[in-house]
Number of protein chains: 2
Amino acid sequence: MVRIDEIDRKILVELQTDASRSLDEIAKAVGSSKTPVWNRIRKLRDAGVIGAQTVKLDAEALGFEACFFVLIRTSEHDAGWQQAFLKALQERPEVQEAHRLAGDIDYILKVRVRNARAYDAFYQALISEVRVHNVTALLSMEEIKSTTALPL
Amino acid sequence: MVRIDEIDRKILVELQTDASRSLDEIAKAVGSSKTPVWNRIRKLRDAGVIGAQTVKLDAEALGFEACFFVLIRTSEHDAGWQQAFLKALQERPEVQEAHRLAGDIDYILKVRVRNARAYDAFYQALISEVRVHNVTALLSMEEIKSTTALPL
DNA sequence: GGTGAAAGCCCGTGCCT
DNA sequence: AGGCACGGGCTTTCACC
């Protein structure tokens, strides 16, 4: 965990809100000026705190109208199985999130696809690649909120 | 749903991979040149297909070490309750995602907090604001994959 | 719809305080 | 470490093909 002072924090808030802002604007917003802000951003980037710069695309407008949360239970816990499962998830672009969980359910995935048929294709492909004991899919009806912003 | 041709698609792939690339680089990558690419980006932005530009921050490095998926069942389905619940979610910055679901479970949230105690504080605040019938929290042990990129 | 050039702004650096 | 000023490069526009 990195040490971050108040100005760093403000810079991150700005960048996370709108990364297209100019250095001058950010500097003014955080109460400093160009050079020090630029040095801080550079340092945060080098430290890996600031990662890739991306744009948020409108999934619905682009025809990705189905979103599933997939709860997975497995009986297999050996290293080989886990590695194969991990690889399968990394390779499939429709998997937007994957977490290993504590407790009853072993994994949760967020899967974004064009429609229910595309989800079934994904599901069939996945279970043919790796053995899973139990799969529950939760279908999203409405995305109420979606952000990657951290509550700094 | 917007009509997108092959060049638009390539531009979106480039932008969602790395939005800091220069127009020249993007133009070369998609096999076109500056001005037409710029016009397409402008059009896509105006149409709302391209949204905010953000940076990905390293949550762990910044001390956000706990991530929960929260499954919520409710018995209340009237408009007033739903509005209050929605408002509560929008206002709480630790809620990174919220979806209304089809089926047994009514809502799923993704909640990012500093630690388990912070999650409990969030949970207590939420249930004091709105009545919910049943809440299950899934604790993430490991973020295997995380992307907002659509499989264009 | 693609090319080229021109204007202005912004990034990144180096120097000075 | 913060502020200033300069050069190169990039965005954005416009006129032409």
Can you spot which of B:Arg40, B:Lys43, B:Arg45 makes a salt bridge (charged side-chain N to carboxylate O under 4.0 Å, His left out) with B:Asp8?
-> B:Arg40
Salt-bridge contact B:Arg131-B:Glu76 (side-chain N to carboxylate O under 4.0 Å) | yes
Approximate separation, where rounding is to 0.5 Å, of B:Ser33 OG and B:Lys28 NZ = 12.5 Å
Trace of the side chain to side chain donor-acceptor pair (under 3.5 Å) decision for B:Ser20 with B:Asp18 | CA-CA 5 Å; B:Ser20 72; B:Asp18 181 1; 2.7 Å; yes
Report the distance from atom CG of B:Leu15 to atom C1' of D:dT11, rounded to the nearest whole Å.
-> 14 Å
Hey, what do you get for CG (B:Asp106) to CG (B:Asn134), rounding to the nearest 0.5 Å?
-> 10.0 Å
Side-chain ion pair, B:Glu14 and B:Arg21, N-O less than 4.0 Å | yes
Each nucleotide of nucleotides 3-17 of chain C classed B (base within 4.0 Å of a protein heavy atom), S (only sugar-phosphate) or -, in 5' to 3' order, makes BB------BBBB---
Taking only residues at least two apart or on different chains, which pairs with a member in residues 79-98 of chain B satisfy ring pair (Phe, Tyr, Trp, His ring centres under 6.0 Å)?
-> B:Trp81-B:Phe85, B:Phe85-B:Tyr107
Are B:Glu143 and A:Arg100 close enough for a salt bridge, meaning some N to O gap below 4.0 Å?
-> no
Roughly how many Å is it from CZ in A:Arg40 to P in D:dG3, rounded to a whole number?
-> 11 Å
Rounded to whole angstroms, how far apart are CD1 on B:Ile41 and P on C:dG2?
-> 13 Å
Taking five pairs at each end, how big is the angle between the two axes of the helix from C:dG1-D:dC17 to C:dT17-D:dA1, to 10°?
-> 20°
